[in-house]
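Numbering of ligands and ligand atoms starts at 1, following listing order.
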Amino acid sequence: MRDKYADKNAVITGGSSGIGFATAKLLVDGGARVVITGRSRTTLDAATERLGKNALAVRSDVASLPDLDALAARVRDELGTVEALFVNAGITTAMPFASTTEEMYDESFAINVKGAFFTVQKLAPLLSTGAGVVLTTSAANVMGMQDVSVYAAGKAALRSMARSFSRELLPRGIRVNAISPGPVDTGILENTMTKEAADRFKADRVAENPMQRFGTPEEIARAMAFLAFDATYTTGTEFVADGGITQL
Ligand SMILES: NC(=O)c1ccc[n+]([C@@H]2O[C@H](COP(=O)([O-])OP(=O)(O)OC[C@H]3O[C@@H](n4cnc5c(N)ncnc54)[C@H](OP(=O)(O)O)[C@@H]3O)[C@@H](O)[C@H]2O)c1
């Protein structure tokens, strides 16, 4: 809806593609000002080109605390206060646990877990009263799926953080919730798998899903915006948008 988010400021880590980009588009189309982040300048520039003048791209790696400090300073200068923070940047690591290396483990936890924790810590001072924080977990965090033990454990950590941060931010009237997407076709798999492995993984996800399909980034974006702005009596929860895979 036009102007639904007028006068709202949002920050979306990992807003340059996939679910984060779809959320940025939904909010900008509704009148919000949005800061998106990512590591690739090229992807960020392509995203802001499509989003228009109400989107600002900041190159920032969530695994780097200096980058997060710089992001917070930039957001303070550009937006002042923030009504919605989407802690969405993430990578997948698909590997049987027997062959997972220390390097893979550390990279996954540095981005998906440490990155999320310090994103909230560094940006919390800028959140306005009544603001909403949304952490992107995954259906994998409550499943025993093949080859994603490190990723799933990291997402389970995020689900836990949603509860703890909710408690600590309650006195400031800030709500913290998690969104748990099922399979969404965004390109995240191709970033870490060969095309054949990604195709096989996707075919398995469709076959096992009650809705027999992938979700779209736009479907997840609508749920994320709902949690951030509309779910005003909801904190510490995890909203499941997964075609029923963890529920039926
Ligand atoms: N797609 C799914 O099936 C699915 C299901 C459940 C949960 N999720 C979760 O949803 C979130 C978004 O995933 P997606 O599917 O939309 O993936 P995507 O299209 O690959 O987007 C990931 C975004 O995160 C950014 N990013 C990755 N590492 C980063 C880092 N270290 N610092 C800052 N930004 C970083 C990427 O940009 P750069 O690469 O340029 O940094 C990109 O903007 C992730 O947390 C993912 O785990 C996805």
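- Within the 4.0 Å heavy-atom criterion, the part of T137 lying near ligand 1 is the backbone and not the side chain.
- Close contacts of ligand 1 with T136, meaning ligand atoms under 4.0 Å from a residue heavy atom, involve 9 (C), 10 (O), 11 (C).
- Interface atoms of ligand 1 facing P183, defined by a heavy-atom separation under 4.0 Å, are 3 (O).
- A donor and an acceptor atom, one from each side chain of E238 and N141, are located under 3.5 Å apart.
- Between the side chain of T235 and the backbone N or O of R175, no donor-acceptor pair lies under 3.5 Å.
- Any N or O atom pair closer than 3.5 Å counts here, and S138 shares no such pair with ligand 1.
- Applying the 4.0 Å criterion to heavy atoms of S60 picks out, from ligand 1, the atoms 32 (N), 33 (C).
- In this structure a side-chain-to-backbone donor-acceptor pair under 3.5 Å is missing from D67 to S60.
- A salt bridge links K4 and D230; the closest N-O separation between the charged side-chain nitrogens and carboxylate oxygens is under 4.0 Å.
- Closest non-hydrogen pair, I91 versus S108, comes out as CD1-CA, 4.2 Å.
- Close approach of ligand 1 to G18 (heavy-atom distance below 4.0 Å) involves ligand atoms 16 (O), 19 (O).
- Here the rule is side-chain contact (heavy atoms from CB on, under 4.5 Å) with F86, and of L27, T13, V11 only L27 fits it.
- Polar contact with ligand 1: present for I19 (N/O pair, distance under 3.5 Å).
- Protein heavy atom closest to atom 5 (C) of ligand 1, with residue, atom name and distance, is G182 O, 3.1 Å.
- Taking 4.0 Å as the cut-off between side-chain N and carboxylate O, D204 and R200 do not count as a salt-bridged pair.
- Set against the non-hydrogen atoms of D61, the atoms of ligand 1 under 4.0 Å away are 30 (C), 31 (N), 32 (N).
- Here the protein heavy atom with the shortest distance to atom 24 (O) of ligand 1 is G14 CA, 3.3 Å.
- F201 carries R205 over the face of its six-membered ring, with the cationic atom under 6.0 Å from the centre and within 45° of the normal.
- Here the protein heavy atom with the shortest distance to atom 35 (C) of ligand 1 is A89 CB, 3.6 Å.
- No donor-acceptor pair under 3.5 Å is formed between the side chain of N88 and the backbone N or O of T136.
- In V62, the parts holding a heavy atom less than 4.0 Å from any atom of ligand 1 are both the side chain and the backbone.
- V184 N, 2.8 Å is the protein heavy atom nearest to atom 3 (O) of ligand 1.
- Rounded to the nearest 0.5 angstrom, L227 CG and T237 OG1 are separated by 8.0 Å.
- Scanning both residues, R59 and R39, for their nearest heavy atoms gives NH1-O, 2.7 Å.
- Of the possible donor and acceptor atoms, none in the side chain of N177 sits under 3.5 Å from a partner among the backbone N and O of V134.
- The shortest contact between atom 11 (C) of ligand 1 and any protein heavy atom is with N88 O, 3.2 Å.
- In this structure, the protein non-hydrogen atom closest to atom 14 (P) of ligand 1 is T186 OG1, 3.4 Å.
- Summarising the geometry of L44 relative to T37, their closest heavy-atom pair is CD2-C, 3.7 Å, with the distance given to 0.1 Å.
- Within the 4.0 Å heavy-atom cutoff, A139 does not count among the residues contacting ligand 1.
- Atoms of ligand 1 lying under 4.0 Å from at least one heavy atom of S40, given by number and element, are 40 (O).
- The shortest contact between atom 13 (O) of ligand 1 and any protein heavy atom is with I188 CD1, 3.6 Å.
- Contact annotation: F214 has no heavy atom less than 4.0 Å from any atom of ligand 1.
- Under a 4.0 Å heavy-atom criterion, R205 is not in contact with ligand 1.
- Remark: ligand 1 atoms within the under-4.0 Å shell around heavy atoms of I111 are 28 (N), 31 (N).
- Scanning the protein heavy atoms around atom 19 (O) of ligand 1, the nearest turns out to be S17 OG, 2.8 Å.
- In the displayed structure, F214 atom CZ is contacted under 6.0 Å by more than 12 heavy atoms of other residues, nucleotides or ligands.
- Of the N or O atoms in Y151, one or more lie within a sub-3.5 Å distance of an N or O in ligand 1.
- Residue-level proximity to ligand 1 for S16 is carried by backbone and side chain together, each with a heavy atom below 4.0 angstrom.
- Side chain of E83 to backbone of L127: no donor-acceptor contact under 3.5 angstrom is found.
- Between E107, R39, R59, it is R39 that holds the heavy atom closest to atom 39 (O) of ligand 1.
- The backbone N or O of P96 sits less than 3.5 Å from a side-chain atom of T100, completing a donor-acceptor pair.
- Under 4.0 Å from ligand 1, not a single heavy atom of A140 appears.
- Using a 4.0 Å cut-off to heavy atoms of G90, the atoms of ligand 1 that qualify are 22 (C), 24 (O), 27 (C), 44 (C), 45 (O).
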